[in-house]
Asker: 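Let me begin by handing over the structure; questions about it come next.
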There are 2 protein chains.
Amino acid sequence: MSSEAVETRIRILNAAWTLLEASHGSGVKMSDIARAAGISRQAVYLHFPNRAELLIAATRHIDEVKKVGARLAASREASTGIERLEAFIEAWGNYIPEVYGVVRALLAMRDSDAAARAALDDRMRGLREGFEAAVKALARDGVLSPALSVPEAVDILWSLLSVETWEKFTRDCGWPQARYVALMQELASKMLLAGPASQ
Amino acid sequence: MSSEAVETRIRILNAAWTLLEASHGSGVKMSDIARAAGISRQAVYLHFPNRAELLIAATRHIDEVKKVGARLAASREASTGIERLEAFIEAWGNYIPEVYGVVRALLAMRDSDAAARAALDDRMRGLREGFEAAVKALARDGVLSPALSVPEAVDILWSLLSVETWEKFTRDCGWPQARYVALMQELASKMLLAGPASQ
DNA sequence: AGCTTCACTTGACATAGTGTCAATTTACAC
DNA sequence: GTGTAAATTGACACTATGTCAAGTGAAGCT
C-alpha cells in the first residue's frame with residue numbers, strides 16, 4: 001500500500017535532486033522533474049502541494065541520505081574550541097556542494113515564495129546555531145578576540161560561509177573545494193582569534 | 001523633439017530605481033514601473049526592449065547620478081598600496097547600498113535571462129579590475145602575503161566583497177554600514193598582507 | 001466474481017507576468 | 001492644416017504554476 005507511494009515520492013525527490021544538481025539549480029520545471037521520475041506532471045502534486053515544498057523536502061532528503069547529522073556531530077566531539085571551529089567549517093564547507101543545486105533553486109524563489117523563504121531561514125538558523133556553539137567554545141577557552149562579542153563573531157562566520165560565497169570561489173573563480181575549505185578556516189582563525197595570528 | 005523622449009526615459013529609470021530600492025529588488029513589475037513613471041505599461045517598451053535592458057540601463061543611470069567614476073578615481077590617487085586598497089574597499093562598500101535594489105533584481109533574473117547575466121558579469125569584471133589594481137599596488141610595495149598570487153588575492157577580495165555578503169551583514173544581521181566597511185577593511189588587511197598582522 | 005480503493009493519467013482551465021501588435025489619439029512643428 | 005513622433009488602448013501569444021474533474025488499472029477484500 002503505502003510502500004509504493006513512498007517509492008514514488010522518493011523517486012520524485014531523487015529526480016529533483018539529480019536535475020537540480022546538474023543544472024546548478026536553475027531552469028528545472030515541475031514537468032522536467034515529473035518526466036525524470038517517470039510520472040505525469042499532475043501526479044507530482046499528489047505528493048507535494050507545490051514546488052517550494054518539493055524543494056524543501058528534497059533538502060531534507062539529501063540531509064538524510066548524506067547523513068549531515070553524523071557529519072556535524074563529529075565537530076561537537078572536538079576538545080578545544082579551535083578544533084571545534086575547524087571541524088565545523090570543514091563539515092559545513094564540504095556539505096555545501098552536496099545541497100548546492102537544491103538550495104540555489106530555493107534561493108531563486110525566495111523573493112516570490114514565502115514558504116521557500118521560511119525554509120531557507122530555518123536552515124540558516126540551524127547553521128547559525130552550529131557556528132554559535134563553536135564560537136562559545138572559543139570564548140570559554142579564552143581565545144576569542146576581545147574585540148568581538150559572541151553574536152558578532154557568529155555574524156561574521158555566518159555571513160562569510162554562505163552558499164553564495166562558496167559559489168563565487170568554487171564556481172566563478174574555479175577554486176578547488178579543498179582550497180576553499182582551507183581558506184575559510186584561515187579566514188575564521190584570522191578574524192576571530194585573539195592575539196598574534198595563531199592557528 | 002528628442003528632449004521630451006529623453007525625459008520620459010529618465011522618468012522610467014528613476015521610477016524603477018525608486019521602486020527597486022524601496023522593495024529591495026523584488027516584486028517590482030513592469031506595470032508598477034510604468035505607473036510610477038506616469039505612462040502606460042506598453043509605453044515602457046517604446047524605450048526599453050525588455051525588463052533586463054531597463055534594469056541594466058538603470059544601473060548605468062545610477063552610476064552616472066551617483067558619480068561612481070569620481071568616487072573610484074579617488075582610490076587611484078593613494079600613494080601606497082595599502083591606502084589604495086582601503087580607499088577602494090571604502091568606495092565600493094559604500095556604493096553597494098546605492099545600487100542594491102537594482103542589482104538584486106538583476107541577480108534574481110540572471111538564471112533565466114542571458115542579457116541580465118551578461119550585464120552582471122560585465123559589472124563584476126569591472127569590479128575585479130579595481131581590486132586587481134589595488135592588489136598589484138600591494139605586490140609592488142612588497143606587502144602582499146607571499147602565500148598568495150595576485151589572481152588569488154583578487155579572487156578573495158572579489159568573492160568576499162560581494163553584494164550578497166553585504167546583504168547578509170547589513171540586512172540579515174543588522175550591522176551598520178560603517179561597521180561593515182571597517183570589517184571588510186580589516187578582513188582584507190588580515191588575509192592579504194604579509195608579516196605579523198599589520199595596519 | 002464483484003466491489004472498493006488508491007495511485008496515477010488525461011485533458012481542460014485559471015492565473016500572473018512578460019512581451020507583441022495594430023489601431024488610435026494627442027500634441028507640437030512647420 | 002498636415003505630418004510626425006510619443007503615447008494610449010485593447011487584444012493576444014507564451015510560459016510556468018497550480019487546480020479540477022473524469023477516467024483507467026491493478027491490488028486487496030469478502
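Atom set for the values below is all heavy atoms of this structure, side chains included, hydrogens, waters and symmetry mates excluded. Numbers restart at 1 for each chain; the letters A, B, ... are given by sequence-line order, proteins then strands.
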Asker: Could you list all the side chain to side chain donor-acceptor pair (under 3.5 Å) pairs where at least one residue sits in residues 33-43 of chain A, not counting sequence neighbours?
Answerer: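 Sorted result for residues 33-43 of chain A: empty, none.
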Asker: For B:Leu46 and D:dT4, give me the distance from atom CG to atom P, rounded to whole Å.
Answerer: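 Taking atom P of D:dT4 as the reference, CG of B:Leu46 is at 18 Å.
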Asker: Looking at A:Arg60, I'd like to know if its CZ atom is crowded, meaning that more than 12 non-hydrogen atoms belonging to other residues, nucleotides or ligands lie closer than 6.0 Å.
Answerer: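 Atom CZ in A:Arg60 is not packed in, count stays at 12 or less.
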Asker: Mind checking what makes side-chain contact (heavy atoms from CB on, under 4.5 Å) contact with A:Ser26, not counting sequence neighbours?
Answerer: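 Scan of A:Ser26 (side-chain contact (heavy atoms from CB on, under 4.5 Å), adjacent residues dropped) gives B:Asp111.
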Asker: Whole Å only: how far is the CE atom of B:Met109 from the C1' atom of C:dG17?
Answerer: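 Rounded to the whole Å, the gap is 11 Å.
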Asker: Rounding to a whole Å, what distance do you find between A:Ile39:CD1 and C:dC6:C1'?
Answerer: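 So the two atoms are 14 Å apart, to the nearest Å.
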Asker: Between atom NE2 in A:His47 and atom P in C:dT9, what is the gap in whole Å?
Answerer: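 Value for this atom pair: 9 Å.
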Asker: Starting at the 5' end of nucleotides 10-15 of chain C, put B wherever the base has a protein heavy atom under 4.0 Å, S where only the sugar-phosphate does, and a dash everywhere else.
Answerer: BBB---
Asker: Write down the distance between CG (A:Asp113) and C1' (C:dA16), rounded to a whole number of angstrom.
Answerer: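 Those two atoms, CG and C1', are 14 Å apart.
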Asker: B:Trp17: which residues meet the ring-ring contact (aromatic ring centres under 6.0 Å, His included) condition with it, sequence neighbours left out?
Answerer: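 Expected list: B:His61.
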Asker: May I ask you to verify if any side-chain N or O of A:Thr8 is less than 4.0 angstrom from the OP1 or OP2 atom of C:dC8?
Answerer: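 Checking A:Thr8 against C:dC8: at least one side-chain N or O falls below 4.0 Å of OP1 or OP2.
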Asker: Suppose the criterion is ring-ring contact (aromatic ring centres under 6.0 Å, His included): which pairs have a residue in residues 134-153 of chain A, not counting sequence neighbours?
Answerer: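 Found none.
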Asker: I need the residues from residues 22-30 of chain A with at least one non-hydrogen atom less than 4.0 Å from DNA chain D; give them sorted by number, or say none.
Answerer: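 A:Lys29, A:Met30 - these, ordered by number, are the residues of the stretch whose heavy atoms sit under 4.0 Å from the strand.
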Asker: Let me know the distance between OH of B:Tyr45 and C1' of D:dA13, rounded to the nearest Å.
Answerer: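 Taking OH of B:Tyr45 and C1' of D:dA13, I get 13 Å after rounding.
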Asker: Could you tell me how far apart B:Glu7 (CD) and C:dA27 (C1') are, to the nearest whole angstrom?
Answerer: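 That distance rounds to 15 Å.
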Asker: Considering non-hydrogen atoms only, spot the tightest contact between A:Gly93 and A:Tyr180 and give its length.
Answerer: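 Answer, listing the atom of A:Gly93 first, then A:Tyr180: CA-CE2, 4.2 Å.
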Asker: Tell me which pairs pass ring-ring contact (aromatic ring centres under 6.0 Å, His included) where either residue lies in residues 140-163 of chain A, with sequence neighbours left out.
Answerer: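 Every pair satisfying ring-ring contact (aromatic ring centres under 6.0 Å, His included) with a residue in residues 140-163 of chain A: there are none.
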Asker: Just grab all the salt bridge (Lys or Arg N to Asp or Glu O under 4.0 Å) pairs involving residues 176-189 of chain B, residues at least two apart or on different chains.
Answerer: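 Pairs touching residues 176-189 of chain B that pass the test: A:Glu152-B:Arg179, B:Glu186-B:Lys190.
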Asker: Report the residues that fulfil salt bridge (charged side-chain N to carboxylate O under 4.0 Å, His left out) with A:Glu132, sequence neighbours left out, ordered by chain and then residue number.
Answerer: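 Counting only residues at least two positions away or on another chain, A:Glu132 forms a salt bridge (charged side-chain N to carboxylate O under 4.0 Å, His left out) with A:Lys136.
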Asker: Nearest whole Å is fine: how far is D:dA7 P from B:Arg35 CZ?
Answerer: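 In whole Å, D:dA7 P and B:Arg35 CZ are 18 Å from each other.
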